[in-house]
Structure formats: C-alpha cells, structure tokens
Undergrad: 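One structure follows; several queries about it will come next.
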Amino acid sequence: MSALPPDGRAGEDVLAELRSLRSGDLPTHGGRTLAYVYDSGIEGLDELAASAHALASSANGLDPTAFPSLLRMENDLVAAAAGLVGGTHSTVGSVASGGTESCLLAVLAARDARPDVADPSIVVPATAHAAFHKAAHYFGVRVVSVTVDERTFRAVPEAIAAAIEDDTVLVVASAPSYAHGVVDPITEIAAAAAARGVRMHVDACIGGWVLPYLRRLGEEVPDFDFRVDGVTSISVDLHKYAYCPKGVSVLLHADASLRRAQYFASADWPGYTMLNTTLQSTRSGGPLAAAWAVLRRVGDDGYLRLAERTRCAVKEIRAGIGEVDGLRVLGDPDATLLAIATVDDPGFDLFTVADQMTARGWYVQPQFAHQHSPVNLHLTITAANHGSEREFLDDLASAVDAARAAGPADVAPQLVETIAALDPETLTPEQFTSLLAGAGLGAGGALPKQMAPINALLAVAPAALRERLLLEFLGSVYRPTT
Ligand SMILES: Cc1ncc(COP(=O)(O)O)c(C=O)c1O
C-alpha cells in the first residue's frame, strides 16, 4: 500500500490498518508498560477524552479572541494545576505541549528577563531532566551541572548555592527527579536562589499531580511547591499523573511579571501579528479539550483514589524488589518512580533482565550509568499497576533467574576497542553501519528484538559518543516509507 493511495479509501479500512499498525506497539493500558504511558484504569475515560479532543481539535489556540472556548479551558487547567501546588491569586501560567516545552519556556523566560547578562547560565542538579540541556542547547545558555549526593541522589543545596554565578538566570530542582524518583531539597535550594536574586524553577512535571495527593493520603512529602519561599515557577504535566492524553503540560509562574518574557510577538511582516504564549504558534484545541474533560470527569476525589491505588502498587513493588536476590532500589524514592539496580557482582546484567521482562509481556526502561548512578531499570508506576503487583514481582524474579542462567551480555573486546577509537565529533554514517555490523546487529533501519546487546554496547560508549550513535540510529529509522 503506497503512503498516499491514489484513491481515497473507506474510513473503516483506514482504521483497521491503523489498528493493525498499533498492535505492534507497547500496550498503553493494563499496567504492563512501566514507562512512557500513564493508565488510570478508569473505564470510559479514553473515549470521553477522544470525544472532547474531536470537538476541539480543529480550533486554533493561536488566537484567543477567535476561539474563546480554548482560552477558557486553558485558564481552567492553569487554575486547577495552581490549586494543587500552592498557587496564590498572583499565580499565572500557560498550557504547553509537554514537559519539555514547559521546561524550555522556563529557561527562555529566565534568560530573556535578564538582557543585562552576557553569558547566561542555569544551575541544575546532575539529575535534572535532559529537557534543561535541550533548553540550554536551543537558547544558547550554559548548563552548570552540580553533582548530587551519591547515596540519596538528591541535590546538595550547599553545592547548588556555590555554583550560582553572577550570570546565573535560573536554578532548577526536581520534584521528583525522573531517574531516581527523589524530591530535591527545594526549600534550601530556593532560599539559595532567592539570596542571589535568581529565579528558581521546580520541575514537577512528573510529580506535580501526584505528590499533593500522596501528601493528603498521609505520606511524608517534602515541601516542593509555591508555599516554599523563592520558588518562581513550576512545571506540571497533565499527560502524566493527571492521566490526560498526550500533549498537555502546565507551566506556572508565581506572578505575571515572571511570565512576561516567555511571550513572543512579531508585527514585522505583512501577515497577522504573531502573538504566542508558548513555542508553538498554531495550537490544536484537541489535547487541551481532552485534558479539560478528563479533569472534570475524574475530579479531585477521583485523583485521590487514583493516588491511593498508585501508592499501594509502589509500596508492594518496592518491598518486593528488595526480596529478589541480586536486586535493590536506588535511593529512597519519594513518589511513584523506582529505579532498580543490582547489588555488587550479581552474576547477571539488567539489560538482559529488561529483555526477559519484555519476553514476559512487561516493559521496564533501562537507564545507563551516570556519575554515581549505576545502570538501572526505571519503573513509572501508575494506578493501573495496582492488582498485578504480585504478577510483576514473580515475573521479575524469574527474569532475573533467566538472566543469571544466560550470563551477562558482554561486548567483545575488539568492539570495545573500536568504540574507544570513535570520535563523536566526526562519526560518519558508514562508521555507524560498520559498528552495527561488527556487533552482529545488521544494518540500521530494522528495529531490534533483543535490546541487551545494543544496550551493552551503548553502555561502553562515553555519553557524547552514545548521543552521537543514537542520533545516527534516529536518522536510520526515520526514512520515508518505500
Ligand atoms: C521530571 C521531568 N521533567 C520533564 C519531563 C519531560 O516531559 P515530556 O516527556 O512530557 O516532554 C519529564 C518526563 O518524564 C520528567 O519526568
């Protein structure tokens, strides 16, 4: 079937083809995919979101006067998010397409509010989301990355304070961090930023919609929101623990003066005056309306119940990991994310465990070693995991047994040498292809079934080379259909 059929086809046929394509994806529901997706398990929620999306997807958020419904829904979402994270009557915000866009905008606003700074920098804990490196890369800002505590993986406030320079335009901390699920000491970091007159962003993309409910359930949640003096902006993703379809995050600012530099206007062309609140210009009303509908359908009490289910799942899975011979949980996670590492010399490797879990119908996400953080498997636990915790843990134990029996996935010494000789600056597509061939992985283009050999190979490569190799990989898979 050509990518553009010569004649239009029946809608049902098209949907059947799409369903067949989607059947090869990771499941988004049922709790078996422990990264990328968030499943409330609430019956009918997807259908409601899809109907709301359809009602608004052709409307354009580019012009709030033309589509006041989108303006109203955006203001509702911002109010709801602000209400959860200690916003006041001065709190304002914007709806962005995702967490990365919210983080980009926080950096952009901080940079542009300081035209007096020649060489702007942001101070981030080494565990801050890569979105801040992307922001720095896009906006010509320097990243001052500060090592975190090697045992707790939390940012060290004194080290952050010491890293703040005259050129620092933003200090960042996470609530919680994606990699280890721990909340940084926000109170101390915000105080250090405020003492230097610098903005402080709390990245609560993943925790913003669940930490407040965990606290209401009696969990000890460290202070992380606008109630902390010195916090000037917070990002909260609705497509994570608010269980909304993808494409919605809220960036909140403590007051409108802080948001001002995030906005963009251009009248310097013959068309309409371009007036944007975010990085996008045309903005579909679809994700916004879908999120708005989901929030109204679930309601505050519904989110409390979802957090309760999630909390039960986290507790049981966390306790169970500790009982699997050779495994441990990294740090002391504060929220709903767990990082599974091995004890010393476990006799197996986690990349193989991940593949063994895939074979058992679960997706767990390998994370590479970084500074003090060893290779580990990331779990994003959601409400849908409640009820199948035992099954997950039994499969995890059997995946570890299988990985032990298989032995660690290691990389041939000559391949390690080849990798050591590669320069990320000058790597060519040909070198990439021959590296794959040398590893017995075939030419680029096909998606591999077994990830362990690839991950083992990537783990040997220094971060800069790994980035480069993966960019080559992207270039090899994003090719027009033939
Ligand atoms: C803490 C944190 N910040 C930012 C992001 C980026 O969000 P997105 O993938 O929606 O762009 C994530 C994603 O998991 C996150 O966990």
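Atoms within each ligand, like the ligands themselves, are counted from 1 in listed order. All residue numbers refer to positions in the sequence shown, counting from 1.
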Undergrad: Do any nitrogen or oxygen atoms of Gly99 lie less than 3.5 angstrom from nitrogen or oxygen atoms of ligand 1?
TA: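 Yes, there is a polar N/O contact under 3.5 Å.
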
Undergrad: Is the closest heavy-atom distance from Glu101 to ligand 1 below 4.0 Å?
TA: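 No, that is not the case, since the closest heavy atom of the residue is not under 4.0 Å from the ligand.
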
Undergrad: Under a 3.5 Å distance rule, please check whether Ser177 uses its side chain to pair with a backbone N or O of Ser174 as donor and acceptor.
TA: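 Side chain of Ser177 to backbone of Ser174: no pair is present.
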
Undergrad: How about Phe368 and Phe351: are their ring centres within less than 6.0 Å of each other?
TA: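 Between Phe351 and Phe368, which both carry aromatic rings, the centre distance is below 6.0 Å.
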
Undergrad: Rounded to the nearest 0.5 Å, how far apart are OG of Ser57 and CG of Leu288?
TA: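 Taking OG in Ser57 and CG in Leu288, the distance rounds to 12.0 Å.
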
Undergrad: Starting from atom 9 (O) of ligand 1, which protein heavy atom do you reach first, and at what distance in Å?
TA: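 Result for atom 9 (O) of ligand 1: Lys240 NZ, 3.9 Å.
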
Undergrad: Against heavy atoms of Cys205, which atoms of ligand 1 measure under 4.0 Å?
TA: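 Matching atoms, with element in brackets: 2 (C), 3 (N), 4 (C).
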
Undergrad: Give the atoms of ligand 1, by number and element, whose distance to some non-hydrogen atom of Ile206 is under 4.0 Å.
TA: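 Matching atoms, with element in brackets: 16 (O).
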
Undergrad: Verify the ring-centre separation between Phe153 and His372: is it less than 6.0 angstrom?
TA: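 No.
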
Undergrad: If every non-hydrogen atom of Ala261 is compared with every non-hydrogen atom of Ala113, which pair is closest and at what distance?
TA: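 What the structure gives for the nearest pair is CB-N, 3.8 Å.
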
Undergrad: What protein heavy atom sits nearest atom 2 (C) of ligand 1, and how far off is it?
TA: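 Heavy-atom neighbour on the protein nearest atom 2 (C) of ligand 1: Asp203 OD2, 3.3 Å.
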
Undergrad: Give yes or no for whether the N/O distance cutoff of 3.5 Å, strictly under, is met between Ser177 and ligand 1.
TA: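 N/O-N/O distance under 3.5 Å: no.
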
Undergrad: With a 3.5 Å distance limit and no angle check, can you tell me whether Gln262 reaches the backbone of Thr277 through a side-chain donor-acceptor pair?
TA: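 Yes, because the side chain of Gln262 sits within donor-acceptor range (under 3.5 Å) of the backbone of Thr277.
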
Undergrad: Calculate, to the nearest 0.5 Å, the distance between atoms CZ and CG belonging to Phe132 and Leu104 respectively.
TA: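 It is 8.5 Å, given to the nearest 0.5 Å.
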
Undergrad: Which heavy atom of the protein is the closest neighbour of atom 16 (O) of ligand 1, given with residue, atom name and distance?
TA: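 Closest protein heavy atom to atom 16 (O) of ligand 1: Tyr178 CD1, 3.3 Å.
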
Undergrad: Answer with yes or no after comparing the ring centroid distance for Tyr213 and Tyr241 against a 6.0 Å cut-off, counting only values under it.
TA: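 Judged by ring-centre distance (under 6.0 Å), Tyr213 and Tyr241 do not meet the cut-off.
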
Undergrad: Can you tell me which portion of Ala131 lies within the under-4.0 Å heavy-atom range of ligand 1? Options are side chain, backbone, both, or neither.
TA: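 No part of Ala131 comes within reach of ligand 1.
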
Undergrad: Counting each atom of ligand 1 from 1 as listed, which ones have a heavy atom of Asp237 under 4.0 Å away?
TA: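 Selected atoms, number and element: 7 (O), 10 (O).
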
Undergrad: Of all the non-hydrogen atoms in the protein, which one sits nearest to atom 15 (C) of ligand 1, and at what distance?
TA: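 Here the nearest protein heavy atom works out to His129 CD2, 3.3 Å.
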
